Amino acid sequence: MSWFHWITLSALAVCLVSLLYHLIRLIHLGKPKDRSRKSGRIAPAVIYSFTSAMSPASKESAFLHLPTYTAGIIYHIATCISLAVFVPIFLGMSLPAMPGYLLAFVAFAGSASGWAILIKRISDKKLRKLSNPDDYLSNVLVNVFQLLTGLTLLNSALLPVFLLSAALLFLYMPVGKLKHMIYFFAARYHLGFFYGWRNVWPPR
C-alpha cells in the first residue's frame, strides 16, 4: 500500500474507535428515565418515530420546504453510497462500467444537493444565524468527498486525492456534527419513548 493508503487507513481506525466510544457511551446511559405515570406503549411509538413520523406529511419543517427536504434525502443516500463505495475503491477493485457510472451519478447528485443546501444556509438570514462553523465545515467535507467519489469512479488517477479527502472526513466525523450518524438512532428512540410513554404516538 502507498503512503496515502496508510494515512486513510489510520484515519479510518481513529474514526471507528471514536464512534465506538460514542456508541458504548449511549448504551451505558441506557433508556430514558421518565418519572411521569406511563399511559401508552413504547414499541409502536418508537416504530412510528423511525417511519411515518419522518415523512413530509408529519413534519412541518419538511412539507413547508419540500425542495430542501428532497435535497437532504438525496444528500444522505449519496453519502451512504459513497461510504460504501469507499471500500472497493480503497481495495483497488474495479467496478463494471454501468454500475460505476450509476454510482458516480448518485455521488454527483448528492454533492450537488449538498452544495445547494450550503448555499441556502449561507444566503438565508435565519439559517445563517442558527449556523456555526461546524455546520459549514461538515457540509463542505461531505460535499467534496461525494464529488471525489464520483470523479474517482470515472478516473482512477484521482485515487490519492480521494483517499486524502476521505481521511479528513474520517478524522472530523467523531468530533463534529457528523457523529449524528450514531446519535440519530438514539435521538429517534428517545423521541418515540417520550411520546409513547405519554400515549401521544402513534397518533390515532
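Quantities reported herein were computed from a predicted structural model and do not represent experimental measurements.
The CG atom of Leu191 sits 9.5 Å away from the CZ atom of Phe50 when rounded to the nearest 0.5 Å. Taken to the nearest 0.5 Å, the OG1 atom of Thr51 stands 9.5 Å off from the CE atom of Met54. Note that OG of Ser82 and CG of Leu103 are 8.5 Å apart. Values are rounded to the nearest 0.5 Å. Atom OG of Ser49 is separated from atom NE2 of His190 by 10.5 Å, given to the nearest 0.5 angstrom. Here His22 contributes atom NE2 and Leu20 contributes atom CG; the two are 10.5 Å apart, rounded to the nearest 0.5 Å. Here the OG1-CD1 distance, from Thr149 to Ile89, works out to 5.5 Å after rounding to the nearest 0.5 Å.
Looking at Phe108 and Leu154, their side chains come closer than 4.5 Å, going by heavy atoms from C-beta outward. In this structure, Tyr75 and Asn139 have side chains that are in contact, with non-hydrogen atoms separated by less than 4.5 Å. Cys15 is not listed as a side-chain neighbour of Leu171, based on a closest heavy-atom distance of 4.5 Å or more. A heavy-atom distance below 4.5 Å is not found between the side chains of Tyr21 and Ile24. Taking the side chain as every heavy atom from C-beta outward, Leu153 and Tyr101 never approach each other to under 4.5 Å. The side-chain heavy atoms of Met181 and Met173, taken from C-beta on, include a pair separated by under 4.5 Å.
Taking both residues in full, the closest heavy atoms of Phe170 and Ala11 are given as CB-O, 3.7 Å, listed atom of the first, atom of the second, then distance. In terms of heavy-atom proximity, Leu66 sits nearest to Pro56 at CD2-CB, 3.9 Å. Gly150 and Ala104 make their closest contact through O-CB, 3.7 Å (heavy atoms, listed as atom of the first residue, atom of the second, distance). Across Ala78 and Val106, no two heavy atoms sit closer than the pair CB-O, 3.4 Å. Across all their heavy atoms, Ala45 and Gly192 have their closest contact at CB-O, 3.2 Å.
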Verdict with supporting geometry, Arg198 and Asp34, side chain to side chain contact (heavy atoms under 4.5 Å, CB included): CA-CA 10 Å; Arg198 288 162 173 73; Asp34 198 318; 2.4 Å; yes
Test side-chain hydrogen bond (donor to acceptor under 3.5 Å, both in side chains) applied to Trp115 and Ser111, step by step: CA-CA 6 Å; Trp115 292 115; Ser111 185; 3.1 Å; yes
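No continuous path of hydrophobic side-chain contacts links Leu23 to Val17 [ILVMFWY only; heavy atoms under 4.5 Å]. There is a path of hydrophobic side-chain contacts, each under 4.5 Å, that joins Trp6 to Leu163. Taken together through direct or relayed side-chain contacts under 4.5 Å among Ile, Leu, Val, Met, Phe, Trp and Tyr, Phe86 and Val161 form part of one hydrophobic cluster. Phe90 is not connected to Val14 by any chain of hydrophobic side-chain contacts under 4.5 Å among Ile, Leu, Val, Met, Phe, Trp and Tyr, and they are in different clusters. Linking ILVMFWY side-chain heavy atoms closer than 4.5 Å, directly or via other members, places Val46 and Val200 in two distinct hydrophobic clusters.
Between the side chains of His5 and Thr8, no donor N or O sits under 3.5 Å from an acceptor N or O. A side-chain donor-acceptor contact under 3.5 Å links Trp197 and Ser36.
Heavy atoms from other residues, nucleotides or ligands lying under 6.0 Å from CZ of Arg25 number 12 at most. More than 12 heavy atoms of other residues, nucleotides or ligands shown are found within 6.0 angstrom of CZ on Phe193.
Judged purely by atom type and a 3.5 angstrom limit, Asp134 uses its side chain to pair as donor or acceptor with the backbone of Lys177. For Trp201 (side chain) and Phe194 (main-chain N/O), no donor-acceptor pair under 3.5 Å exists by modelled atom type. In this structure, the side chain of Lys179 engages the main chain of Gly176 through a donor-acceptor pair within 3.5 Å.
Remark: Thr79 pairs with Leu83, Val142, Gln146 by the side-chain contact (heavy atoms from CB on, under 4.5 Å) rule, at least two apart or across chains. In terms of the side-chain contact (heavy atoms from CB on, under 4.5 Å) criterion, Phe105 has no residue partners (sequence neighbours excluded).
A side-chain contact (heavy atoms from CB on, under 4.5 Å) with Leu169 is found for one member of Leu164, Leu12, Val144, Leu141 and no other, namely Leu141.
Residues Phe162 and Phe145 place their aromatic rings such that the two centres sit under 6.0 Å apart. Taking the six-membered ring for Trp and the full ring otherwise, Tyr189 and Tyr183 have centroids separated by 6.0 Å or more.
Figure legend: Arg188 and Phe185 shown without cation-pi pairing, the cationic atom not lying both under 6.0 angstrom from the six-membered ring centre and within 45 degrees of its axis.
Sorted pairs that involve residues 150-165 and meet side-chain hydrogen bond (donor to acceptor under 3.5 Å, both in side chains), not counting sequence neighbours, are lacking altogether.
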